[in-house]
Asks: 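Sending over a structure as structure tokens; questions will come in a sec.
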Amino acid sequence: MRIVAFNYRDIPNFPQSTVHGHAGRLVFGTLKGRPCVCMQGRFHLYEGYPIQKITMPMRIFKLLGVETVILTNAAGGLNQDYKVGDIMIIKDHLNMPGFAGNNPLAGPNDERFGVRFPCMSDAYDRELQQMALDVGSELGYSDFLREGVYCVLGGPSFETIAECRMLHKLGADAVGMSTVHEVIVARHCGMRVFALSLITNKAVMNYDSEEKANHEEVLQTGKQRAEQLERLVSTIVTRLEHNNNFA
Ligand SMILES: O=P(O)(O)O[C@@H]1C[C@H](O)[C@@H](CO)O1
């Protein structure tokens, strides 16, 4: 596969990755003939960026002709059935910063991209979720493939025990610090969205627990599952309809 990569720092007005483990490159290439653009590193509220800046790449992708966006993240497992290393297909989200008014679409609506009040009940494409389940089963991943609700918080501090218990009660299966803002902007401008969480750690829910969430564990679990995640995502991409949905 021939690729062309650009460092974020060389792209005018593009935000810079500040997180360890996020390379900060935009990579263009083809996957079995399908043109793709990949972000090696995304942006987070906790890096101090305004929410519109975090999500700016989505609008750039729309202008480049992208039709399908695939997002992946690391998340803490709230669902007690989840194990570290599980891959969760995101079927819905809880947008906590949004509850407090921090939504990437706040402010004047840019009609060139979409409507003032976009629907979010269909944010995560159901056909792509089913395709991921089918691909996962063909690849032998069914034992660690899940479907669930992702909850975004602002970070960077990990959650307290009381917060984890509350989020679980509210219906979240996993908690993280990204993705949802991009999903909202991608859906606003009509791109199809598919998203996955890798459960990199178990959220601490119990006052007797000795476990402590930490970024090293997140990176380590990411490395352990990287190959399988890559196979899952690349197989999904190669099954997207030709001339229609390019990631
Ligand atoms: O995939 P993302 O960037 O959402 O990963 C999570 C949130 C923080 O960046 C980091 C914390 O360990 O993992």
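Both ligands and their constituent atoms are indexed starting at 1 by order of listing.
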Asks: Please list, chain by chain and in numerical order, all residues satisfying side chain to side chain donor-acceptor pair (under 3.5 Å) with Arg9, sequence neighbours excluded.
Replies: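 Expected list: none.
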Asks: Determine whether more than 12 heavy atoms belonging to other residues, nucleotides or ligands lie under 6.0 Å from atom CZ of Phe117.
Replies: no
Asks: Applying salt bridge (charged side-chain N to carboxylate O under 4.0 Å, His left out), which residue pairs with at least one partner in residues 144-168 are found, sequence neighbours left out?
Replies: Asp86-Arg146
Asks: Dump all N/O pairs between ligand 1 and the protein below 3.5 Å as a table: atom names plus distance, one pair per row.
Replies:
{"unit_1": "ligand 1", "atom_1": "1 (O)", "unit_2": "Ala74", "atom_2": "N", "d": "3.0"}
{"unit_1": "ligand 1", "atom_1": "3 (O)", "unit_2": "His44", "atom_2": "NE2", "d": "2.5"}
{"unit_1": "ligand 1", "atom_1": "4 (O)", "unit_2": "Ser178", "atom_2": "OG", "d": "2.5"}
{"unit_1": "ligand 1", "atom_1": "9 (O)", "unit_2": "His44", "atom_2": "NE2", "d": "3.4"}
{"unit_1": "ligand 1", "atom_1": "9 (O)", "unit_2": "Tyr46", "atom_2": "OH", "d": "2.6"}
{"unit_1": "ligand 1", "atom_1": "12 (O)", "unit_2": "His215", "atom_2": "ND1", "d": "2.6"}

Asks: May I ask you to decide if the ring planes of Phe14 and Tyr8 are parallel, tilted or perpendicular, using 30° and 60° as cut-offs?
Replies: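 If you compare the ring of Phe14 with that of Tyr8, the planes turn out tilted.
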Asks: Report the residues that fulfil salt bridge (charged side-chain N to carboxylate O under 4.0 Å, His left out) with Arg42, sequence neighbours left out, ordered by chain and then residue number.
Replies: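 Checked Arg42 against salt bridge (charged side-chain N to carboxylate O under 4.0 Å, His left out); matches are Glu182.
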Asks: Could you tell me whether a side-chain N or O of Glu217 sits under 3.5 Å from a main-chain N or O of Asn201, the two making a donor and an acceptor?
Replies: no
